[in-house]
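See below for the structure under consideration.
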Amino acid sequence: MTGLFISFEGVDGVGKTTQVERLRAYLEAQGRTVVVTREPGGTALGRAIRQMLLHGVDGGAADIAPRTEALLFAADRAQHVAETIRPALERGEVVITDRYLDSSLAYQAGGRELTLREIKDLSLWATNNLLPARTYLLDMDPALSHSRLQHAEDRMESAGDDFQSRTRQAFLDLAAAEPTRFRVIDASQRIEQVWAAIEADVETLLKELA
Ligand code: TYD
């Protein structure tokens with residue numbers, strides 16, 4: 001595969017979408033073809049799964065069992081990789097995804113009752129072992145990032161401060177365990193400063209790959 005695969009991670013409201021768009025513009029200006037996508041919901045099937053996960057079924061907030069939840073996120077990811085990510089990488093394009101398997105590791109294993117090993121095995125099976133070349137973890141206190149959210153809370157977002165704090169720590173632990181793939185960026189800085197940190201790193205990454 002000749003393309004470049006980059007993911008953005010972090011708790012809700014840290015500004016991933018803004019930075020993803022900055023990175024898209026930067027890479028397109030260099031003549032790259034860029035596919036911007038997201039999880040859950042990067043495909044048509046994924047959007048149906050996303051709806052179930054975030055808003056429940058039959059208009060009610062479904063009580064989704066932890067294993068079911070993990071499988072639904074993994075199913076979304078499997079389809080996303082097969083339908084969108086791998087084909088784009090095979091065409092030599094850049095794929096930037098707003099969330100990927102580290103979100104499952106942080107939210108489903110870090111926050112709820114399943115082990116990291118179980119969720120990791122499930123995700124690697126779902127993706128046939130596809131990992132990003134670089135993962136930007138936008139890190140900030142969930143109490144702050146939450147207050148930035150500009151829409152009504154979904155099922156995951158309303159899981160409580162404790163859950164969000166554990167999730168943040170889980171992301172930081174994942175980053176510490178894989179320092180080559182991850183870059184932790186302080187997302188409490190101004191948008192321009194956050195972008196400057198990402199831009200500097202991407203420049204180095206592109207040079208390394210060239
Ligand atoms: P996201 O699309 O980032 O939310 P929004 O559109 O509100 O910005 O993600 C939806 C929620 O799903 C978010 O709270 C994180 C959660 N999530 C998991 O719990 N596990 C996963 O594997 C993924 C991809 C997301």
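In each ligand, atom 1 is the first atom listed, and ligand 1 is the first ligand listed.
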Between the main-chain N or O of T97 and the side-chain N or O of T37, is there a donor-acceptor pair closer than 3.5 Å?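 Checked: no pair found.
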Just by modelled atom types, is the T180 backbone N or O under 3.5 Å from a matching donor or acceptor in the R134 side chain? yes
Could you see which bit of [X] sits under 4.0 Å from ligand 1, with heavy atoms only: side chain, backbone, both or neither?
X	value
L101	neither
E69	neither
E39	both

Provide the number and element of each atom of ligand 1 under 4.0 Å from a heavy atom of L54.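 The atoms of ligand 1 under 4.0 Å from a heavy atom of L54 are 10 (C), 11 (C), 12 (O).
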Close-contact set for ligand 1 against S104 heavy atoms, below 4.0 Å: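 Counting atoms of ligand 1 from 1, those under 4.0 Å from S104 are 21 (C), 22 (O).
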Would you mind finding which of F8, F73, F163, Y100 brings a heavy atom closest to atom 17 (N) of ligand 1? F73
Minimum non-hydrogen distance to atom 1 (P) of ligand 1, winning option of Q164, H80, R99, R38: R99
Tell me whether D98 has any N or O atom under 3.5 angstrom from an N or O of ligand 1.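 Among all N and O atoms of D98, none is under 3.5 Å from an N or O of ligand 1.
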Considering distance alone, does some N or O of K16 sit under 3.5 Å from an N or O of ligand 1?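 No, K16 has no N/O under 3.5 Å of an N/O on ligand 1.
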Residue pair [X] / [Y], side-chain heavy-atom distance below 4.5 Å:
X	Y	value
L122	E118	no
E9	L174	no
L205	E208	yes

Specify the protein heavy atom at minimum distance from [atom]: its residue, its atom name, and the distance to 0.1 Å.
atom	answer
atom 2 (O) of ligand 1	R50 NH1, 2.8 Å
atom 7 (O) of ligand 1	E157 OE2, 2.9 Å
atom 19 (O) of ligand 1	Q108 NE2, 2.9 Å
atom 13 (C) of ligand 1	D12 OD1, 3.2 Å

Separation between CD1 of I49 and CD of Q79, rounded to the nearest 0.5 Å: 7.5 Å
Could you state the interatomic distance from CZ (R99) to OG1 (T17), rounded to the nearest 0.5 Å?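 OG1 of T17 is found 9.0 Å from CZ of R99.
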Taking all atoms of both residues into account, what is the closest heavy-atom pair of Y136 and I198, and its distance?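 For Y136 and I198, the tightest heavy-atom pair comes out as OH-O, 3.9 Å.
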Any ring-ring contact (aromatic ring centres under 6.0 Å, His included) involving residues 67-94? Give me the pairs, sequence neighbours left out, ordered by first then second residue.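 The answer is none; no pair qualifies.
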